[in-house]
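Scroll down for the structure; my scribbles are underneath it.
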Amino acid sequence: MAKRPTKDAAELIPDHPTLSSLRDTAKNCQACDLYKRGTQTVFGEGSRKARLMFVGEQPGDAEDLAGHPFVGPAGKLLDRALADAGIDRSTVYVTNVVKHFKWEPRGKRRIHKKPNAGEIAACRPWLDTEIAVVKPRAIVCLGATAAQSLLGRQFKVTAHRGEFVASTLAPIMLATVHPSSILRAPDDETRRSEMKRFTDDLRKVARALRKSEV
Ligand code: SF4
């Protein structure tokens, strides 16, 4: 009898998951239709002992092709903000709420399309297991999709960015904008001030992490 495609990501999670077994298994995930559209599963990356985890929305065009998270223009901006905030990129873990690129064609371009609630819920077991394996002391949600997924649908990044929020997922939890929103700023001055605010949010997390270690 033909094997039925798996429809629940939770069924795929290994009994004693490690980041590498999760990454391997997630390659075959078909828990929502996005696997048909993306080039490949783009799983989270970073140290298993990372104290700081960044959670974004989904891989973008460059990430989908490369198979790695945060390697496109938004990832480069994140790298710059991390360096300015004094955070070593090799000590963080970066991932997304949804592991496949959702897009629609516009001419020859693939334009980002926001994942829906069903796709976010279908992908959640992967994120929950990444958090359970890495056990970060701090999680930073990048943008509204990540923030509402981890902090509840009522959470508004516009109202509460840069504030510490109580969560069972990590001792330190904060939401800020997605770096791609800074790239979309209408002019250089806005982009500079948004970049400064973003870097300040990261500095705040770095300070809280240092404090939690003493
Ligand atoms: S987006 Fe997530 S749930 Fe959907 S197929 Fe990809 S890995 Fe599976």
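We count ligands from 1, going down the list as the structure has it; atoms in each ligand are counted the same way. Model, not experiment: these values are computed from the prediction.
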Which atoms of ligand 1 are found less than 4.0 Å from any heavy atom of Tyr35? 5 (S)

As an exercise, state the distance from CZ of Arg23 to OG1 of Thr41, rounded to the nearest 0.5 Å. 11.5 Å

When you check the gap from the basic side-chain N to the acidic O, do Glu194 and Arg197 get nearer than 4.0 Å? yes

Looking at Leu19, is its backbone amide N or carbonyl O close enough to the side chain of Arg48 to form a donor-acceptor pair, meaning the two atoms are under 3.5 Å apart? no

Relative to the heavy atoms of Ala31, which atoms of ligand 1 are at a distance of less than 4.0 Å? 3 (S), 5 (S), 8 (Fe)

Suppose I only count heavy atoms of Val98 and a 4.0 Å limit; which atoms of ligand 1 are within that range? 1 (S)

Any N/O/S of His100 under 2.8 Å from atom 8 (Fe) of ligand 1? no

Look at ligand 1 and say whether Ala122 reaches it with a heavy atom at a distance under 4.0 Å. yes

Is atom 2 (Fe) of ligand 1 less than 2.8 Å from an N/O/S atom of Cys123, whether that atom is in the backbone or a side chain? yes

Non-hydrogen atoms of His178 and Phe70 that approach each other most closely: NE2-CE2, 4.0 Å

Identify, for atom 4 (Fe) of ligand 1, the protein heavy atom at the shortest distance, and state residue, atom and that distance. Cys32 SG, 2.3 Å

As an exercise, state the distance from CZ of Phe164 to NZ of Lys204, rounded to the nearest 0.5 Å. 5.0 Å

For ligand 1, which part of Cys29 has a heavy atom less than 4.0 Å away: the side chain, the backbone, both, or neither? both

Locate the shortest heavy-atom distance separating Asp201 from Gly162; write the atom from each residue and the value. OD1-CA, 3.6 Å

